[in-house]
Each structure stands twice: as C-alpha cells, then as structure tokens.
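Structure first, commentary second.
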There are 2 protein chains.
Amino acid sequence: MVGRGRPRDAEVEGKVLEAAVAELRQRGYEGLAMDRVAERAGVAKTTIYRRWSSKAELVVALITHLRDDVPFEPGDDSRRDLTALVTAIAARLTSTPTTLVADLAAAAARDPRISESVRTLWAARHRAVTEVVAKAQQDGLVLTHVAPAVLVDQLVGPLYYRLLVTGEPLTPEYARTLVTSVLGPSRSDQES
Amino acid sequence: MVGRGRPRDAEVEGKVLEAAVAELRQRGYEGLAMDRVAERAGVAKTTIYRRWSSKAELVVALITHLRDDVPFEPGDDSRRDLTALVTAIAARLTSTPTTLVADLAAAAARDPRISESVRTLWAARHRAVTEVVAKAQQDGLVLTHVAPAVLVDQLVGPLYYRLLVTGEPLTPEYARTLVTSVLGPSRSDQES
DNA sequence: CCCTTTCCGCTACTGCGGTTTCGTAAATCA
DNA sequence: TGATTTACGAAACCGCAGTAGCGGAAAGGG
C-alpha cells in the first residue's frame with residue numbers, strides 16, 4: 001500500500017530549495033515570497049505547500065541545505081590559525097547580505113524551530129574557533145583565567161555586533177586586532 | 001511663514017506613541033499593527049504616517065521615547081564601574097524581547113535612515129562603556145596595546161552575539177567574566 | 001481496459017497588514 | 001471673503017501567506 005497514486009516528482013524538492021535560497025539571498029527572509037519561489041522553481045505554490053506546511057518550515061529546510069562552511073585546516077601556529085579563521089569569518093559575514101543575517105536572527109527569535117536550525121548553521125564556525133582557542137591555550141598563548149567559550153564570544157561576537165548594531169566595517173585589520181587583544185601582542189606587533 | 005495651513009493636532013503624537021507602546025508590549029514588533037495603533041489612539045492611519053514614515057520609524061521613536069537609559073555614575077573603581085555597566089546592559093537586553101532587538105537590526109539593515117536612528121539608540125550605552133574603558137586604561141588597569149574601541153566591542157559585542165546568534169543566556173556571571181577577561185583577574189578572583 | 005488514488009499546475013479567493021489616494025476640514029494670507 | 005496651504009479620516013490599493021476547487025496526469029489494483 002506504499003506506492004498508490006501518482007508519485008511525487010523527485011526533482012521538485014531540489015528546485016524549490018535552490019530557488020528559495022536564491023530568493024533569501026536576494027531579498028532576505030521577509031522579502032522571500034512563496035509566489036516568487038514557486039515561479040522561480042517552475043512549480044505551483046500548492047506543490048510547495050504539499051511538502052512544507054509553511055514558509056517558516058521551508059526556511060528551516062533551506063538553512064539546513066545551505067551549510068557553506070568556512071574552510072579551515074589548522075597548522076602549527078595557533079596565532080596564525082586564529083587570525084586566519086576570524087578573518088575568514090569576517091569575510092563571510094561581509095560578503096553575506098546584512099539583511100539576511102539580521103532577518104535570520106529575527107526569524108529565529110520568533111520561531112524556536114528556525115532558531116534551532118539557524119543555530120546549527122553558525123555553530124560550525126563557532127566550533128572551529130573554539131577548537132583553535134583551546135589549542136592556543138594548550139600552547140600557552142592565552143591567559144587561562146578565562147573559559148575558552150568566553151574568548152570565542154569575544155572573538156566572534158564583535159563581528160556580529162559591528163555588522164548588526166554599530167554598522168562599522170569588518171576589515172581584516174579589525175579581525176587581526178581582535179585576535180591581538182585576546183592573545184596579547186605578538187613579537188612582530190610589539191616593534192611598532 | 002511658520003503657521004501656514006491647518007496646524008497639527010498636538011495631542012496626536014502622545015496618543016499614538018502611547019497606543020503603540022501598549023501594542024508593542026502586548027503583541028511584540030511583528031504583532032504591532034498600524035490599524036490597531038490607529039484605532040487605539042483614536043486617529044486615522046494617515047495621521048500616523050504623516051509623522052512617521054514607516055512602522056519601523058514609529059517603533060524607533062517609541063523606544064527613544066520610553067528610553068530610560070542605563071543609569072550610571074562612575075565611581076573611583078573602574079573595574080567595579082565596568083562590571084556594573086556591562087551587567088546593567090545585559091540586564092536591559094534580557095528584559096527586552098529578543099524579537100524586538102532582532103527586528104530593529106533587520107529594519108536597520110534594510111533602510112539607512114532606520115539604521116541611523118537605531119544606531120543612536122544603542123550609541124548611548126556604547127559611549128558609556130567607552131568612557132569607562134578609557135578611564136580604566138588611564139588607571140593602568142588595561143593593557144594599552146589595543147584600541148579602546150575594540151575592547152568595548154569585546155565587552156558589549158558578546159552580549160548581542162549571545163542574544164541574537166547563539167541564544168545563550170546573559171547572566172550577571174557572564175557579564176563579570178567578560179570584564180575579567182578584558183581587565184585580567186582581580187585580586188579577589190585569583191583566590192579561587 | 002476502467003477505477004481509484006495521489007500528484008500537479010492553474011486560478012481564484014480569504015484575510016491581514018503596510019502604505020497611498022482622495023475628498024474635506026481647519027487654519028493663514030491677501 | 002476667497003485663495004492657499006496643510007491636516008485629517010475614510011476607503012482603497014497592494015503584496016503576501018495560506019486555502020480551495022478544478023481538470024488533467026501518472027501511477028497501482030482489479
């Protein structure tokens with residue numbers, strides 16, 4: 001009694017998610033209209049609602065689908081690793097439309113399910129930083145009187161803070177300064 | 001050439017702001033409907049739009065209106081001051097509905113004018129922290145190899161980061177840890 | 001081959017909420 | 001008083017989330 005009736009078109013899911021991602025990138029969460037997603041995907045709106053019961057559900061699925069992680073392999077220099085990582089995250093954030101980040105945060109604040117999926121989206125970055133910070137602590141580069149989690153927040157948090165609140169730019173220099181502030185000045189920095 | 005034409009009803013502003021506050025408290029940002037605000041204020045929607053060009057502008061004005069700033073008078077202990085200030089900001093943030101903060105950020109990301117208003121909204125807090133950090137630097141409590149602005153970001157940024165991104169709670173302990181991380185451990189902390 | 005079931009695309013419709021249009025009221029200026 | 005300028009309220013406009021009803025398509029069961 002499994003395959004009764006006409007089977008679902010297997011291509012639909014992919015096409016819809018792809019279209020939705022494009023719309024989300026372009027217009028943000030609020031600007032994402034189901035009508036447009038349907039049109040872009042070459043699919044009827046009802047077909048979308050047959051798979052996802054609401055716009056929020058669709059976005060949840062979509063975010064899980066996104067997952068473009070910051071590429072990163074750790075070397076033996078923790079300071080360099082950390083700088084590279086924070087800089088990379090800053091670059092990702094600046095290349096992402098600010099409205100997207102803000103809208104995702106807003107949607108997450110409103111809907112627990114979205115909150116969860118969005119959190120997993122950022123979690124990868126967060127975790128990567130945590131690992132490097134832990135390694136730096138092992139290497140004795142960091143004062144150990146503070147929990148690593150807090151240091152991570154102080155490295156990554158300011159990026160979101162600038163992006164969403166103060167509106168200041170996320171330059172590579174800024175990223176470097178953040179790392180310097182947490183690790184203390186390196187030998188080369190102290191010359192200036 | 002001042003008073004040409006029919007003068008604006010002076011009572012409108014207050015009535016609308018009051019009504020909007022009530023609606024915001026009751027329904028949140030998204031649930032705040034201009035229709036209901038107008039009805040509750042006993043005013044036509046156009047009358048609202050003549051004074052504020054959009055819902056977001058109205059909400060910004062509203063928040064500015066009820067703005068009871070973080071009260072703060074600096075004492076002679078910079079560490080204590082800073083802890084108190086960061087803790088107070090954290091408390092304010094947690095007592096504010098998260099959606100409101102997120103929605104304001106989203107609105108700001110979408111519209112430059114709103115961005116400006118919202119920025120001035122947070123600016124007071126930011127400035128207060130900056131002053132105390134500068135004072136702490138004068139007192140030799142802070143390593144001087146980092147610009148004060150960055151330290152401020154590392155004190156305040158994590159609060160917004162937790163609130164909007166990771167969703168972790170903003171406890172007083174967390175605020176204290178942030179300060180400790182920036183200033184280094186105090187004598188009393190080192191005992192533990 | 002029909003029958004049933006499920007999917008699909010299409011169109012229209014409801015309801016809601018932000019924003020605008022328009023006719024009219026209240027003020028100043030000549 | 002009459003022309004002009006600005007404010008006001010009512011109603012309309014518009015976009016969008018979500019639903020409903022249709023004819024037709026693609027599968028399986030008899």
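Residue numbering restarts at 1 for every chain, and letters A, B, ... go by the order of the sequence lines. From a predicted model like this one, the values you see are computed outputs, not experimental measurements. All values below were derived from every heavy atom in this structure, side-chain atoms included, with hydrogens, water molecules and symmetry-related copies excluded.
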- Item | Sidechain-backbone polar pair: B:K45 side chain, B:V37 backbone, donor-acceptor under 3.5 Å | no
- Message: Which label fits A:H126 and B:Y161: parallel for a plane angle under 30°, tilted from 30 to 60°, or perpendicular past 60°?
- Response: parallel
- Contacting residues from residues 41-58 of chain B, given that a heavy atom lies under 4.0 angstrom of DNA chain C: B:K45, B:T46, B:Y49, B:S54, B:K55
- When you look at A:R113 and A:E57, which way does the salt bridge (charged side-chain N to carboxylate O under 4.0 Å, His left out) test go after all the steps? CA-CA 8 Å; A:R113 292 167 310 171; A:E57 297 269 13; 2.5 Å; yes
- d(CD, B:E30; P, C:dC16) in whole Å: 14 Å
- Item | Separation of atom OH in B:Y29 from atom P in C:dG17, rounded to whole Å | 14 Å
- Task: For B:R119 and B:S115, test the side chains for any donor-to-acceptor distance below 3.5 angstrom and give the result as yes or no.
- Result: yes
- Message: Heavy-atom nearest nucleotide on DNA chain D for B:P7 versus A:R6: which residue maps closer to 5'?
- Response: B:P7
- Can you find a heavy atom in the side chain of A:Y160 that is under 4.5 Å from one in the side chain of A:V101? yes
- When the distance from CG of B:D35 to P of D:dA11 is rounded to whole Å, what number comes out? 13 Å
- So which one's nearest nucleotide on DNA chain C is more toward 5', B:M34 or A:V12? A:V12
- Query: Cation over ring, B:K55 on B:Y29, under 6.0 Å and within 45°?
  - Reply: yes
- Please determine if a side-chain N or O atom of B:R8 lies less than 4.0 Å away from the OP1 or OP2 oxygen of C:dA26. no
- Message: I need the CD-P distance between B:E11 and D:dG9, as an integer number of Å.
- Response: 12 Å
